[in-house]
Amino acid sequence: MGAGVALETKVDQIREIIAEKSVELLHLQFVDIEGTLKHITVTTEQFEDVIEGKMMFDGSSITGFSPINKSDLYLQPDLNSFAVLPWTVEEGYSEARFLCSVKNPDGTLYEGDPRNVLQKTVDKAADKGYSISVGPELEFFLFQTDEEGNPTVKTHDNAGYFAPSPADLGEKVRLEIYRALKAMGFTIEASHHEVAEGQHEINFKYADILGSADNATTYKWVVKTIAKKFGLHASFMPKPIFGINGSGMHVNISLFKNGENVFYDPQGDLQLSSTAYQFIGGLMKYIKSFTAITNPLVNSYKRLVPGYEAPCYIAWSASNRSALIRIPAKKGMATRVEIRCPDPSANPYLAFAAVATAGMMGMEENLTPVDSVNEDIFHMNDAERKERGIENLPGSLELAVAELEAGTIGQEVLGDHVFGEFVALKKAEWDSYRTAVHSWELETYQTKF
């Protein structure tokens with residue numbers, strides 16, 4: 001079947017669903033530079049224009065997008081992302097969405113669109129014969145809201161890791177999230193209460209790297225939407241409460257060539273191929289240079305501290321969960337590298353692009369990682385870590401942005417436009433934080449001085 005025929009078949013299938021489900025509104029979704037979901041809503045009467053990429057919007061008001069003198073941009077929907085929104089379905093009415101790439105008026109891909117940044121990474125890998133699969137694990141908190149519906153920092157429950165009902169009050173919320181995601185085409189693999197009070201995780205099946213970023217974006221939106229229906233606020237903030245675990249976005253990544261997982265070698269040490277070791281070497285070499293992308297908030301660095309299971313030291317291991325990079329036990333076609341420092345505030349399109357690019361640069365440079373660390377790194381002292389050559393991740397957003405600017409991988413991954421906008425945005429964020437007077441300062445200093 002030719003590409004044109006396949007496209008028309010897919011369009012016909014979507015038309016049938018629109019008619020069958022009485023879809024009246026289409027939400028055309030895309031993300032800004034921070035990964036925040038945006039959408040434009042049109043009626044299904046405009047379906048043909050939507051499919052042809054004729055829906056225009058003003059990019060000058062979107063964070064990290066166009067200047068006002070080059071503001072006209074267009075949305076090109078990914079037909080595979082079409083989904084009816086289950087919470088809108090009622091008798092004779094429903095709504096649906098497309099995730100879209102952003103294009104210039106001349107039809108070329110807009111360089112400021114994070115989805116296009118990741119597409120560039122996909123294309124570079126494909127030029128070398130590789131396809132990339134990613135499975136992210138995004139944790140979140142459920143918080144109670146006040147009488148006006150605003151979020152508080154009071155957790156929805158006080159349960160702990162893998163707690164069942166009745167202690168796990170989020171069970172019903174997760175069930176509704178599961179049902180919504182399943183109706184939208186997700187394959188859900190697991191759902192459970194996480195370590196911290198009010199913290200949860202729902203795991204969905206891995207996909208190609210672009211589809212996985214789409215899924216992560218959709219997942220965050222659905223989780224927040226369903227939580228709101230229960231009168232709760234779902235937060236993907238990395239460290240919303242001091243003294244308990246923060247939320248991570250562990251990224252599991254594999255490379256395939258001719259249908260085979262190139263990380264797997266049944267005869268290799270740990271059943272890993274030389275390619276896998278090169279990939280790990282790339283992550284180890286460039287991690288400091290892209291931490292600002294995978295951990296993009298001031299708050300991200302409140303999570304990356306010892307004592308709360310979040311990795312803050314640069315090391316790898318076959319099983320050690322205190323290491324930044326871990327090799328899960330499952331092998332064969334499931335062989336993968338897990339990087340554990342990213343958090344769910346990251347823009348998944350940019351974060352996945354950075355991780356994949358760093359690993360592939362390790363392959364190009366034929367890097368070999370230092371020896372694995374199987375001991376508990378958190379319980380080593382500074383001298384022991386220094387002796388083992390274990391370095392720290394950047395300790396603040398300021399330091400992470402400085403590493404991003406000093407390195408080469410940021411510009412390689414993001415391109416000139418997104419790199420410049422991202423660095424400027426993060427510097428402004430740090431400066432705002434640096435100059436603000438915080439409650440800790442008032443509590444500590446106001447009566448003392």
Side-chain angles (χ1 to χ4, degrees), residues 1-32 35-63 65-66 68 70-110 112-116 119 176-177 179-186 210-211 213-226 228-229 349:
M1 183 184 290
V5 175
L7 177 64
E8 190 54 44
T9 300
K10 185 69 176 179
V11 171
D12 288 341
Q13 290 171 347
I14 293 171
R15 282 197 192 97
E16 290 175 10
I17 296 171
I18 286 173
E20 178 188 341
K21 299 292 186 179
S22 302
V23 176
E24 290 191 14
L25 297 177
L26 297 171
H27 303 291
L28 310 182
Q29 300 182 324
F30 61 100
V31 299
D32 68 13
T36 305
L37 196 66
K38 307 289 183 180
H39 73 207
I40 298 166
T41 304
V42 300
T43 64
T44 48
E45 282 76 11
Q46 298 180 76
F47 179 74
E48 300 304 326
D49 284 346
V50 167
I51 296 302
E52 293 175 17
K54 293 181 178 179
M55 305 311 298
M56 188 180 75
F57 72 100
D58 175 7
S60 65
S61 298
I62 305 299
T63 302
F65 271 36
S66 301
I68 198 164
K70 296 180 181 178
S71 59
D72 290 348
L73 296 171
Y74 290 81
L75 293 172
Q76 182 63 55
D78 184 334
L79 300 187
N80 293 321
S81 71
F82 176 80
V84 175
L85 307 181
W87 58 87
T88 69
V89 176
E90 55 187 69
E91 187 65 35
Y93 177 85
S94 67
E95 301 169 20
R97 74 85 190 260
F98 286 104
L99 278 165
C100 302
S101 294
V102 181
K103 291 192 171 184
N104 294 307
D106 64 1
T108 57
L109 293 177
Y110 173 57
D113 175 20
R115 201 170 188 269
N116 292 338
Q119 183 63 58
E176 287 305 307
I177 294 168
R179 287 171 173 164
L181 291 170
K182 185 179 178 183
M184 294 176 73
F186 281 64
L210 185 62
D214 287 343
N215 288 343
T217 299
T218 301
Y219 169 86
K220 290 199 281 187
W221 178 50
V222 171
V223 167
K224 284 181 170 290
T225 299
I226 299 301
K228 190 75 172 176
K229 291 181 177 296
Y349 299 99

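The figures here come from the full heavy-atom set of this structure, side chains too, leaving out hydrogens, waters and symmetry mates. All of these numbers come straight from a predicted model, not from anything done at the bench.
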Taking [X] for its side chain and [Y] for its backbone only, find out whether a donor-acceptor pair lies under 3.5 Å.
X	Y	result
N104	D106	no
N116	V102	yes
T36	D32	no
E16	V11	no

Side-chain donor-acceptor pair under 3.5 Å between T217 and R115, yes or no? no

Mind listing the closest non-hydrogen atom pair of [X] and [Y] along with its distance?
X	Y	value
M184	V222	SD-CG2, 3.8 Å
V89	S94	CG2-CB, 3.9 Å
C100	P77	SG-CA, 3.7 Å

Only residue of L85, V42, I40 satisfying side-chain contact (heavy atoms from CB on, under 4.5 Å) with H27 is L85

Q) So among L37, N80, V31, which one has a side-chain contact (heavy atoms from CB on, under 4.5 Å) with L99? A)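 Only one option passes, and that is L37.
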
Rounded distance [0.5 Å steps], [atom1] in [X] versus [atom2] in [Y]:
X	Y	atom1	atom2	value
I226	K229	CD1	NZ	6.0 Å
T44	E95	OG1	CD	11.0 Å
K10	D78	NZ	CG	9.0 Å
L210	Y349	CG	OH	6.5 Å
Q76	M55	CD	CE	12.0 Å
H39	L75	NE2	CG	11.5 Å

Should T41 and L26 be marked as a side-chain contact (heavy atoms from CB on, under 4.5 Å) after you check the CA-CA gap, both sets of side-chain angles, and the distance that decides it?
CA-CA 6 Å; T41 304; L26 297 171; over 6 Å; no

Q: Could you give me the CA-CA distance, side-chain angles and deciding distance for F30 and I62, then say whether side-chain contact (heavy atoms from CB on, under 4.5 Å) is met?
A: CA-CA 10 Å; F30 61 100; I62 305 299; 4.2 Å; yes

Counting only heavy atoms not in K21, do more than 12 fall under 6.0 Å of its NZ?
no

- request: Take the angle between the ring planes of F57 and F65 and call it parallel below 30°, perpendicular above 60°, tilted in between.
  value: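 Judged by the thresholds at 30° and 60°, the geometry between F57 and F65 is tilted.
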
message = For F82 and F98, take the angle between the two ring planes, folded into 0 to 90°, and tell me which bin it lands in: parallel under 30, tilted 30 to 60, perpendicular over 60.
response = tilted

Residues R97, T218; criterion side-chain contact (heavy atoms from CB on, under 4.5 Å); working and verdict: CA-CA 10 Å; R97 74 85 190 260; T218 301; 3.0 Å; yes

- Task: Decide side-chain contact (heavy atoms from CB on, under 4.5 Å) for L181 and V223; before the verdict, give the C-alpha distance in whole Å, the side-chain angles of both, and the deciding distance to 0.1 Å.
- Result: CA-CA 9 Å; L181 291 170; V223 167; 5.5 Å; no

Basic-acidic side-chain contact under 4.0 Å: K103, D113: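 No.
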
